[in-house]
Structures are given as structure tokens and as C-alpha cells.
Amino acid sequence: MTGHQQPAEKVSRTYGAGDVSFIVPVGGAAPAWPRSAASLARLDPPPKEIIAVIDGPDERLRRLTEEHLGTVPNVQILALDQQGGPGRARNHGARAASGDLLFFTDSDIEVPPGLAAQVAEPFNRPDAPAAVMGSYDDAPGDPGFFSQYRNLLHHYVHQTGREQASTFWAGCGAVHREVFLDAGGYDEAYGMPSIEDIELGTRWVKAGHEIRLVKDLQVKHLKRWSFRDMVVTDLFRRAIPWTELMLGDGEIVNDLNVKTRDRLSVVTAFFPFLPLAGALFWPQLLLPALITWGLAALLIVGLNPDLFAFYRRKRGFLFAAGVLPAYWVYLWICGAGFGGGMLRHLLKGWGR
């Protein structure tokens, strides 16, 4: 972690696929890694190098990586002596990289063959940013409902976000190597997948660097989401730490998952609990309470018409109808995460 950095100079050369270093942390069970690694082996034109960083002494993952990437030119396989999370693994990969552009992705992502050249292209524009990020595509790899719902939500949020981004995403994101190293890389205090990429992006923006959301830069997410995965990840690894980060910075952004419309949707999602609580003491309020839930459902859809139209267009009316309760739970998680993040922020302040 360093202090103030100067913004990177504008591009003065032309970048191509051969200037891009792909960096992939590999840890845990990594069930999708064989398919992900196979897609990296098909990159054409190839990047300068592919650096797979095994997060800890895992012989199975090392063998699996060698099986799928061992014969690919310009591949480095780094095995760390202990597990430390994806941020630490990415830092090791970045320090070993020789490309002028660092591209980060994950071991549960399938990349398209032409991605290396596509990553380099935005850095050749006259108004080239310091970093770029993309999104998941609209065809998630797992067919399950929660996988389709959750990954399509990510796609929609990024496709409707501002091109001048306020955060970074390491699932499909690239940055000038010197910008990354000057900022000190990822905060390794995040020992599990969390908001380490978002936190790094906020430091870049504070230093005067531009991060651009490139909407046609897309990759396929292969992860199988369950309801439990969704709740745990969104609450403890995203909402609570992201709230802490924003409160610590003293700025609540209005982009991606935290637009004003999303905040209004969260308030709406919690409102029906008030009359329901009253019905516990005065049973005659039960019918009005149920009506309130119906009105809240209509209002949530009314606040997010484009989102539900997107789901209907992609997966049909029945799927979009099923999204409503799942999205409602997501809004509860966002509200609970904001409360939990605020509480942790206050406790830290009192402890100083």
C-alpha cells in the first residue's frame, strides 16, 4: 500500500495481444478450472504469457494445470507455499509478469479465443484509460436457476453501468503494469474472495487514474450458484465489506449495484415487514399486510422495469416471474449488508 500516485501518461505506443499478460489465481475445489484452462490454451492470437498461480500447496491443482496448460508456449505455473486468497495470488502473478498490460481473470471463467487482442484494443485509443473491465456474457455456463439468475444479473448491471467506472473487477479486467505496481497491488488482508478488486479500483481512482467499463469485453462464468452461495457471498463477501469501504472513504457511489434506484428498491423490499409485525398483535391487520406485500412487489418491478424485461427477453416470462422472489431476497441482503457494514464501521471508529 503506497501513498499518492501520479496518473499514468496517455498511451504513446500501440499495444497488441503480445503485450498482455494473463494472470489467473487457482484455488479451492476449482471444479470449472479444466474448462477454463482449456479456453486459455485456445487464445488466438496468444497473449505474451499466461500465469496460473496455485493458491497454496495443492498437488491436484498443480497437476491439473500442467495437464491443460503445460504444453502451451509462454505459460508460467506458480505454486504458493501457503493459501492466502486470490488477491495475494494475483499479486504474485503480477510481479512475475513481463507484459505491459496485466489482464486478470478467474479459474471459473471461460474466455473467448480472441480475448487477448480485444483486451489490448482500448489501450490504443487517444483517450486510453489506465484500466478497463468487462462483464459476464448473457449465456452462463451452468443451467441451474440461481446460476442463470445471478450471472445474468451481473451481465445486466455491467451492461447498464457508466463507462467511466468507479471500481474495478478482476473477473475480466486489465491495467497498465506500472499503475498496478505503483498502487501496491491488491490488499492481501482479504484472505478470501471478496472486494479486493473493488478496493484496488478505488485507490486507482483516488490517484487520478481512469477505469473504463468496456461493454463488449465479455467472458463466460461457469460457476454453479446455489441459494446458500448467493446469500453468503452477497452478504458477507460483498455487501458488508463494500459498505465499510464506502463509509471509510466517505463517499457512496451511484453506479453498478449501488444506484439510487437500487437503494429505493431495498427500502421497498423491507417496508412490508412493518404491517406484518402489526398483524402479529392485531390479526385484523393481516389482510392489509398481505396487500402491502403485493403492492411492494409491484413497486419493485416498477422501479426495475428494464431488469425484469431483460430477464423475460432472455429466458421467458416464467423465468422472469421466478426472478422476483430471488431478487427480493437479494434486496434484503443488500439492506442487511448495509446495516452490518455500518455497524462494523462504527465499532471500528469507537475502538480507535
Side-chain angles (χ1 to χ4, degrees), residues 20-43 47 49-56 58 61-62 64-65 68-69 75-80 83-94 96-97 101-112 115-116 118-119 131-137 139-142 147 150-155 157-158 167-175 180 185-188 190-201 213-214 217-225 229-230 232-234 237-238:
V20 184
S21 294
F22 274 53
I23 299 170
V24 192
V26 187
W33 177 227
R35 182 172 168 182
S36 176
S39 73
L40 292 169
R42 292 193 296 267
L43 286 166
E49 59 199 348
I50 299 171
I51 304 175
V53 187
I54 312 301
D55 186 21
D58 192 317
L61 287 180
R62 188 189 63 78
L64 205 60
T65 304
H68 288 87
L69 292 175
V75 167
Q76 295 186 54
I77 301 174
L78 307 179
L80 304 185
Q83 188 174 9
R88 177 172 176 266
R90 293 186 190 112
N91 284 345
H92 276 269
L101 303 174
L102 306 179
F103 175 77
F104 298 100
T105 188
D106 290 323
S107 62
D108 58 2
I109 284 177
E110 182 178 70
V111 301
L115 186 63
Q118 192 180 6
V119 166
V132 301
M133 66 177 185
S135 75
Y136 294 140
D137 65 17
D142 186 83
S147 300
R150 192 64 181 77
N151 291 324
L152 285 173
L153 178 61
H154 180 284
H155 174 83
V157 168
H158 278 232
T167 63
F168 183 64
W169 178 51
C172 177
V175 62
F180 179 88
Y186 294 94
D187 185 345
E188 297 183 8
Y190 295 97
M192 299 181 68
S194 184
I195 61 160
E196 67 280 352
D197 47 0
I198 294 172
E199 189 276 336
L200 177 56
L213 175 58
V214 180
L217 190 64
Q218 298 183 20
V219 294
K220 184 182 301 296
H221 200 199
L222 306 175
K223 179 176 178 175
R224 180 175 182 81
W225 284 93
D229 290 335
M230 185 180 73
V232 171
T233 298
D234 287 344
R237 299 186 183 178
R238 306 291 289 184

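Remember, predicted model here, so these are calculated numbers, not experimental data.
- Using modelled atom types, no side-chain atom of R237 and backbone atom of I195 make a donor-acceptor pair closer than 3.5 Å.
- Formation of a donor-acceptor pair under 3.5 Å by the H158 side chain with backbone atoms of G134 is found in this model.
- Summarising the geometry of L222 relative to I109, their closest heavy-atom pair is CD1-C, 4.3 Å, with the distance given to 0.1 Å.
- With sequence neighbours left out, the ring pair (Phe, Tyr, Trp, His ring centres under 6.0 Å) criterion links H68 to no other residue.
- Across every non-hydrogen atom of P112 and V219, the tightest pair is CD-CG1, 4.2 Å.
- Within the 4.5 Å cutoff, the side chain of L102 has no heavy atoms near those of the R90 side chain.
- D137 pairs by the salt bridge (Lys or Arg N to Asp or Glu O under 4.0 Å) definition with K220, not counting sequence neighbours.
- A centroid separation of less than 6.0 Å is found between the aromatic rings of H154 and W169.
- Considering only heavy atoms from C-beta on, D197 stays 4.5 Å or farther from M133 through its side chain.
- Residues that satisfy the side chain to side chain donor-acceptor pair (under 3.5 Å) test with R42, not counting sequence neighbours, are absent from this structure.
- Looking at residues two or more places apart in sequence or on another chain, you find a side chain to side chain donor-acceptor pair (under 3.5 Å) between T65 and W33.
- Taking CD1 from I50 and CD1 from I77, the interatomic distance works out to 10.0 Å, rounded to the nearest 0.5 Å.
- Residues passing the ring pair (Phe, Tyr, Trp, His ring centres under 6.0 Å) test with F22 are F103, sequence neighbours excluded.
- A donor-acceptor pair under 3.5 Å is absent between the side-chain atoms of T105 and the main chain of C172, judged by distance alone.
- Partners of D108 by side-chain contact (heavy atoms from CB on, under 4.5 Å), not counting sequence neighbours, listed by chain and number: A32, D106, H221, K223.
- Residues satisfying the side-chain contact (heavy atoms from CB on, under 4.5 Å) criterion with Q118, sequence neighbours excluded, are L115, D216, L217.
- Listed by chain and residue number, E49, I51, L78, A96 satisfy the side-chain contact (heavy atoms from CB on, under 4.5 Å) test with Q76 (two or more places apart in sequence, or in another chain).
- Between the side chain of D55 and the main chain of G27, no donor-acceptor pair closer than 3.5 Å is present.
- Under the 30°/60° scheme for interplanar angles, the aromatic rings of F180 and F104 are found to be tilted.
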(request) Please assess L200 against V175 for the test side-chain contact (heavy atoms from CB on, under 4.5 Å), listing each intermediate value before the final yes or no. (result) CA-CA 11 Å; L200 177 56; V175 62; over 6 Å; no
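- In terms of the salt bridge (Lys or Arg N to Asp or Glu O under 4.0 Å) criterion, residue partners of D142 (sequence neighbours excluded) are, by chain and number, R224.
- Legend: residues meeting side-chain contact (heavy atoms from CB on, under 4.5 Å) with E188, ordered by chain and number and at least two apart, are R88, N91, R95.
- Of all heavy-atom pairs between V24 and S107, the closest is CG1-N, 3.8 Å.
- When every heavy atom of S194 is checked against every heavy atom of R238, the shortest pair comes out as O-NH1, 3.1 Å.
- Judged by distance alone, the side chain of S36 and the main-chain N or O of E110 form no donor-acceptor pair under 3.5 Å.
- Side-chain atoms of D229 never come within 3.5 Å of backbone atoms of W225 as a donor-acceptor pair (strictly under, hydrogens ignored).
- Under the side chain to side chain donor-acceptor pair (under 3.5 Å) criterion, S135 pairs with Q159, not counting sequence neighbours.
- One finds the CZ atom of R150 at 11.0 Å from the CG atom of L152 (value rounded to the nearest 0.5 Å).
- When the ring pair (Phe, Tyr, Trp, His ring centres under 6.0 Å) test is applied to F168, the partners found at least two apart in sequence or on another chain are W204.
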